[in-house]
Amino acid sequence: MFSVGKIHFEISERKLILRVFDVLFVLVALYVLGQFFEFDYFFISTTNYYWTIVLAVYLNFFGTIFEMYNLQVASNQFQVLKSTLITASVTVLVYLLTPFFSPILPSSRLQILLFYSVAFISLYAWRILYVVFLASNRFYQKAILICDQERVQELIEGLEDIDPHYKIVGYVKVSQLFMDSPRYQYVPEIEASNLLSFVKENNVAEIVVATHHSDGINNSLYQNLLQVLESGTVIREYTQVYESKTQRIPIQYMEKDFYRCFPFSRSNHNKLYLIIVRFCEIVIALLGVFIGLCLIPFLWIGNSLGNKGSLFYFQERVGKNGVVFQILKFRTMIENAEKNGAVFTTINDCRVTAFGKFLRKTRIDEFPQFINIIKGDMSVIGPRPERPVFVKEIGAIMPFYDTRHIIKPGLTGWAQVSYSYGDTIADSLIKLQYDLYYIKHRSIYLDLNIVFKTITTVLFYRGQ
């Protein structure tokens with residue numbers, strides 16, 4: 001008999017399901033509306049297939065910008081209402097105003113109202129269905145952890161915090177360096193000899209191996225793992241699971257095994273990719289400089305009233321291959337903000353002026369860096385450039401920190417759009433994990449993902 005307990009969805013699969021059914025629910029609802037009511041603005045046929053394609057593209061595009069495919073948002077009923085309302089409104093408005101590839105505007109305003117209402121209601125109905133059904137406990141992905149006794153709690157909580165639908169249902173102890181290590185009571189310990197039967201009885205989806213002590217996996221455990229593998233259960237290494245779920249490199253579990261970070265993305269040395277990226281960067285930078293020049297009169301007035309000092313400032317940053325360059329920004333802090341030495345900017349930093357907060361939240365303070373991009377000091381996308389004093393300080397504590405400098409720093413990056421503002425060494429560690437993930441997986445797809453998330457950051461006023 002088919003069991004729901006055996007079904008689970010990876011994060012990427014859930015996002016794909018959301019995208020496909022967003023479009024499907026809206027199109028089916030519009031089709032039904034046309035069949036049973038006097039609605040003729042939008043209908044599906046072979047002669048106007050491009051109407052459907054454009055609507056589907058808009059739904060996915062604006063859904064991405066307004067966080068419809070953020071799984072934390074998609075699992076929260078209040079946030080679902082907000083994101084669905086904004087996405088449906090913008091999608092319908094842009095679709096109505098799209099020339100050539102969408103239907104001619106109807107003469108009756110009732111048609112527009114019906115179009116919007118059905119698009120929103122069908123989209124929202126599907127998202128509530130997702131929250132109640134697919135985002136429920138029915139679809140937990142069950143796993144068993146094979147690890148050292150003293151790291152059980154840390155590793156289990158680390159995985160389950162990443163994905164609330166990922167549950168460790170048992171663990172196998174491979175070694176115990178500290179004899180007084182307490183047993184983790186919330187998850188049962190499994191004997192190696194009972195591993196296969198436990199997997200079958202509990203519908204376990206995968207085994208996660210998380211130990212640095214290869215000698216801890218003795219011949220008995222190894223044979224039992226082979227039996228589990230032959231039964232069709234997936235066996236993966238912890239860092240592989242962590243990376244796929246968090247989209248960052250878990251360097252805290254790698255110790256000195258630098259080879260685990262390789263191979264880095266081939267795009268870092270792909271000439272065609274680099275040429276395309278550089279061309280796009282120049283186009284974007286020229287547009288950014290033009291917009292910045294148009295904003296300068298207004299910024300000068302705001303700066304004169306709110307900042308009481310020079311509009312621009314230069315600061316040393318570390319670029320590709322560790323080369324130091326001068327970054328250009330609109331000033332957001334009081335003058336002589338670092339008279340006592342360089343320190344991290346903190347949330348609600350008293351050195352940031354009122355006008356400076358506005359510039360930071362909207363990311364307008366970054367516009368002069370388009371000049372750095374044109375000069376070749378920076379890219380549009382990459383790890384954010386850090387100051388030499390902080391690079392030296394953090395690099396002395398964290399392994400792999402200098403790896404960030406094998407590519408150009410960026411105006412925006414994977415760490416900036418994936419993690420909230422941080423002002424501690426611990427925050428720098430998490431951002432480093434995201435930066436290394438970008439370097440390892442750099443691609444056009446990931447670059448576009450960062451662009452969309454950056455637009456979301458600006459629209460929702462989340463600048464730092």
Answer yes or no: does atom CD1 of Ile104 have more than 12 heavy-atom neighbours from other residues, nucleotides or ligands under 6.0 Å?
no
Mark yes or no for whether Glu237, through its side chain, and Thr239, through its backbone, hold a donor-acceptor pair below 3.5 Å.
yes
If the condition is salt bridge (charged side-chain N to carboxylate O under 4.0 Å, His left out), which residues does Glu281 pass it with, not counting sequence neighbours?
Arg278
Derivation and outcome, side chain to side chain contact (heavy atoms under 4.5 Å, CB included), residues Leu18 and Leu71
CA-CA 9 Å; Leu18 288 172; Leu71 294 182; 3.9 Å; yes
Tyr171 and Arg151: CA distance, side-chain angles, deciding distance, side chain to side chain contact (heavy atoms under 4.5 Å, CB included) verdict
CA-CA 11 Å; Tyr171 73 93; Arg151 301 180 66 202; over 6 Å; no
So, Ser45 versus Asn48: side-chain donor-acceptor pair below 3.5 Å or not?
yes
Using 0.5 Å steps for rounding, measure from the CZ atom of Phe452 to the CD1 atom of Ile455.
6.5 Å
Determine whether the aromatic ring centres of Tyr438 and Trp414 lie less than 6.0 Å apart.
no
Between the side chain of Ser122 and the main-chain N/O of Ala119, is any donor-acceptor distance below 3.5 Å?
yes
Can you sort out the partners of Arg404 under salt bridge (charged side-chain N to carboxylate O under 4.0 Å, His left out), two or more places apart, ordered by chain and number?
Asp435
Sequence neighbours left out, what passes salt bridge (charged side-chain N to carboxylate O under 4.0 Å, His left out) with Lys200? Give chain and number order.
none
Taking Asn194 for the side chain and Ile190 for the main chain, is one N or O donor matched with an acceptor at less than 3.5 Å?
no
Lys440 vs Arg248 side-chain heavy atoms within contact, under 4.5 Å:
no
Out of curiosity, Asp402 CG to Asn321 CG, how far, rounded to the nearest 0.5 Å?
11.0 Å
What do you reckon, are the aromatic ring centroids of Tyr95 and Trp51 less than 6.0 Å apart?
no
Step-by-step side chain to side chain contact (heavy atoms under 4.5 Å, CB included) determination, Phe370 to Ile374
CA-CA 6 Å; Phe370 285 116; Ile374 293 173; 5.5 Å; no
Looking only at heavy atoms, what is the nearest atom pair of Leu274 and Asn268, with distance?
CD1-O, 3.7 Å
Relative to each other, are the rings of Tyr401 and His405 parallel, tilted or perpendicular (30° and 60° limits)?
perpendicular
Within this structure, what is the CZ-CD1 distance for the pair Phe120 and Ile86, rounded to the nearest 0.5 Å?
11.0 Å
Of all residues at least two apart in sequence or in a different chain, which pass the salt bridge (charged side-chain N to carboxylate O under 4.0 Å, His left out) check with Asp447?
none
Whether over 12 other heavy atoms sit under 6.0 Å from Phe21 CZ:
no
Using 30° and 60° as the class limits, which term best fits the ring planes of Phe115 and Tyr41: parallel, tilted or perpendicular?
perpendicular
Taking the basic N atoms (NZ, or NE/NH1/NH2) and the acidic carboxylate oxygens, is any pair closer than 4.0 Å for Arg236 and Glu243?
no
Answer yes or no: are there more than 12 heavy-atom neighbours, outside Glu38 itself, under 6.0 Å from its atom CD?
no
Is the backbone N or O of Ile65 less than 3.5 Å from a side-chain atom of Thr456, with the two atoms forming a donor-acceptor pair by type?
yes
For Gln35, what residues pass the side-chain contact (heavy atoms from CB on, under 4.5 Å) criterion, not counting sequence neighbours?
Tyr31
Would you kindly say whether Ser418 and Tyr437 are connected by a side-chain donor-acceptor distance under 3.5 Å?
no
Straight-line distance of Leu411 CG to Thr454 OG1, nearest 0.5 Å
8.0 Å
Pair Thr84, Arg127: side-chain N/O donor-acceptor within cut-off below 3.5 Å:
no
Plane angle bin for Phe66 and Phe62 - parallel if under 30°, tilted between 30 and 60°, otherwise perpendicular:
parallel
The side-chain contact (heavy atoms from CB on, under 4.5 Å) partners of Ser108 (sequence neighbours excluded) come to Leu110, Gln111
Could you tell me whether a side-chain N or O of Ser231 sits under 3.5 Å from a main-chain N or O of Val228, the two making a donor and an acceptor?
yes
When you compare the side chains of Arg14 and Tyr69, does any donor N or O come within less than 3.5 Å of an acceptor on the partner?
no
Where do Tyr50 and Thr47 come nearest, in terms of heavy atoms and distance?
CE2-O, 3.6 Å
Donor + acceptor pair across side chains of Tyr273, Arg442 (<3.5 Å):
yes
Is it true that a side-chain atom of Lys408 and a backbone atom of Gly376 form a donor plus acceptor pair closer than 3.5 Å?
yes
Starting from the C-alpha separation in whole Å, work towards a yes-or-no answer on side chain to side chain contact (heavy atoms under 4.5 Å, CB included) for Cys294 and Phe290.
CA-CA 6 Å; Cys294 294; Phe290 173 76; 3.9 Å; yes
